[in-house]
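See structure below.
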Amino acid sequence: MWQAPPAPVSREWLPVLDMPATGPQNRWTVLLRALLLIPQFVVVWVLAVVAFFVTVIGWFGALVLGRLPGFVADYLTAFVPYGTRVTAYLMLTVDRYPPFRFQAPDHPVQVGLRPGELNRLAVLFRIILVIPAAIVQGLVYAGWWAVSFVLWLVVLVLGRMPQPLYEATTAILRYRMRYTAYLVMLSSAYPKRLFGDEPGSEPEGPVSATRPLVLSGAGRGLLVAFLLLGLVSGATGSITASVNSGDDNDGNDDNTTGPTQHVVAPLVPGPADQARDSHRRGEDTRES
């Protein structure tokens, strides 16, 4: 009996990150990594401000057109790889300084993006939909930075990043890149696969150290540790803020001045306090 062939399965395309395998690094550039990146931090900040306004324009355009306007897609597809190259250098995964230009085909860090058709409903609620991914990437990124000094020492002493640490760090980089691409509507695919790709998965395009990104047990363990550290650091910060807020409230309760005086009093004590005191003394003298 004749049977119809199975319908082709559409595969969701995720933005890709291509990076070389971990290798030797110059210890001097590792030692001075943060200082060397100061000019790049300024550039990325300026580009990010522009990207914010361009994304707002793109959001309205995507609601009408069902895709990003051309100039918005062009700028954002250049901005996301630029920021990814800077972050990759900052997180010690590569030893090559990111160039001050959008197009860098010779740089070891490459990002693949395919802006296309967008679901208007998903665009409308993009800020809400992206919240879970924002929490995940924020936690794992904060966890990495919580122990960044130790990681920096390891790379400085060894002159290279150990393989499990490289796997975990590139997984964070890839997830953050996919999160950003989804947030700015360069991709309709929700960010996923923080813990890497399945062993034996076939990559689309050329093969690199991160395509496919298959994590070892040690690499997955480090990612879990970064997530837990991010949770701990977030909880600690919340508790500290609550305690400080409680102390401030207690101090206000002990103060005998009225609420109006709290509002009109200067934020920083100084000449205004002295002028007020002199005025009061003058009034007392006139009354006597």
Side-chain angles (χ1 to χ4, degrees), residues 14-19 33-63 67-94 96-105 107-116 118 122-146 148 169-191 194 230 233-234 237:
L14 287 163
V16 296
L17 175 67
D18 286 316
M19 293 181 61
R33 187 63 52 99
L35 292 176
L36 293 172
L37 277 174
I38 290 177
Q40 287 285 4
F41 293 153
V42 176
V43 173
V44 170
W45 182 83
V46 173
L47 295 177
V49 172
V50 177
F52 170 78
F53 292 103
V54 171
T55 302
V56 172
I57 296 172
W59 183 79
F60 285 103
L63 284 177
R67 57 177 175 79
L68 287 176
F71 76 95
V72 174
D74 291 343
Y75 180 82
L76 294 177
T77 51
F79 167 72
V80 172
Y82 191 105
T84 302
R85 289 192 293 267
V86 174
T87 306
Y89 186 74
L90 176 63
M91 298 180 75
L92 307 172
T93 54
V94 292
R96 179 138 172 219
Y97 195 84
F100 289 95
R101 61 179 186 272
F102 280 146
Q103 302 300 326
H107 194 270
V109 179
Q110 296 293 321
V111 174
L113 297 165
R114 295 180 185 175
L118 296 169
V123 170
L124 180 63
F125 296 103
R126 184 62 51 113
I127 296 298
I128 298 175
L129 294 173
V130 83
I131 289 175
I135 294 173
V136 171
Q137 67 87 25
L139 288 176
V140 71
Y141 194 60
W144 192 96
W145 280 104
S148 59
T169 305
T170 52
I172 296 172
L173 277 169
R174 190 179 72 165
Y175 191 86
R176 280 177 58 84
M177 180 271 294
R178 288 176 174 176
Y179 157 77
T180 305
Y182 181 79
L183 177 64
V184 300
M185 296 162 292
L186 286 175
S187 173
S188 60
Y190 200 81
L194 172 63
S233 62

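Computed from heavy atoms alone, side chains included, the values below leave out hydrogens, waters and symmetry copies. The residues of the chain are indexed from 1 along the displayed sequence. What you are looking at is a predicted structure, and each value in this text was computed from that prediction instead of being measured.
Taking a 6.0 Å sphere around CZ of F41, one finds it holds more than 12 heavy atoms contributed by other residues, nucleotides or ligands. Summarising the local packing, CZ of F100 is surrounded by more than 12 heavy atoms from other residues, nucleotides or ligands at distances under 6.0 Å.
Annotation for A104 and Q110: closest pair O-NE2, 2.7 Å, computed over non-hydrogen atoms. Annotation for L90 and R33: closest pair O-CG, 4.2 Å, computed over non-hydrogen atoms. In terms of heavy-atom proximity, M185 sits nearest to G58 at CE-C, 4.0 Å.
Side chain of R114 to main chain of L14: no donor-acceptor pair is present (N/O by atom type, distance under 3.5 Å, no hydrogens or angles). Panel note: side chain W144, backbone T169; no donor-acceptor pair is recorded below 3.5 Å. The main-chain N or O of Y175 is never found under 3.5 Å from a side-chain atom of Q137 such that the two would form a donor-acceptor pair. Proximity of a side-chain donor or acceptor of T93 to a complementary backbone N or O of A88 within less than 3.5 Å is detected. A side-chain donor-acceptor contact under 3.5 Å links Y190 to the backbone of A133. A side-chain donor-acceptor contact under 3.5 Å links T180 to the backbone of R176. Looking only at distances, no side-chain donor or acceptor of R67 sits under 3.5 Å from a matching main-chain atom of L118.
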Trace of the side-chain contact (heavy atoms from CB on, under 4.5 Å) decision for I57 with F71: CA-CA 10 Å; I57 296 172; F71 76 95; 3.8 Å; yes
Residues M19, L173; criterion side-chain contact (heavy atoms from CB on, under 4.5 Å); working and verdict: CA-CA 11 Å; M19 293 181 61; L173 277 169; 4.2 Å; yes
Candidate pair V72 and T55, rule side-chain contact (heavy atoms from CB on, under 4.5 Å), full reasoning: CA-CA 7 Å; V72 174; T55 302; 6.0 Å; no
Working for side-chain contact (heavy atoms from CB on, under 4.5 Å), residues L186 and T77: CA-CA 7 Å; L186 286 175; T77 51; 3.5 Å; yes
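Looking at heavy atoms from C-beta onward, Y141 lies in side-chain contact with W145 at the 4.5 angstrom threshold. You'll find the side chain of P15 reaches within 4.5 Å of the side chain of M177, heavy atoms only. The shortest distance between side-chain heavy atoms of V54 and F79 does not fall below 4.5 Å. By the 4.5 Å heavy-atom criterion applied to side chains, L124 and L63 are counted as neighbours. Side-chain contact between V44 and T87 is absent, with no heavy atoms from C-beta onward closer than 4.5 Å. By the 4.5 Å heavy-atom criterion applied to side chains, R96 and Y89 are not counted as neighbours. Looking at I127 and L183, their side chains come closer than 4.5 Å, going by heavy atoms from C-beta outward. In this structure, the side chains of Y97 and L37 come closer than 4.5 Å at one or more pairs of heavy atoms.
No side-chain donor from either of Q103 and Y82 sits under 3.5 Å from a side-chain acceptor of the other.
The structure places CG of D18 at 10.5 Å from CZ of R174, a figure rounded to the nearest 0.5 Å. Here H107 contributes atom NE2 and T84 contributes atom OG1; the two are 11.0 Å apart, rounded to the nearest 0.5 Å. How far OG of S233 is from CG of L139: 7.5 Å, rounded to the nearest 0.5 Å. The CG atom of L47 sits 11.0 Å away from the CG atom of L76 when rounded to the nearest 0.5 Å.
The cationic atom of R126 (NZ for Lys, CZ for Arg) lies less than 6.0 Å from the six-membered ring centre of Y182 and within 45° of the ring axis.
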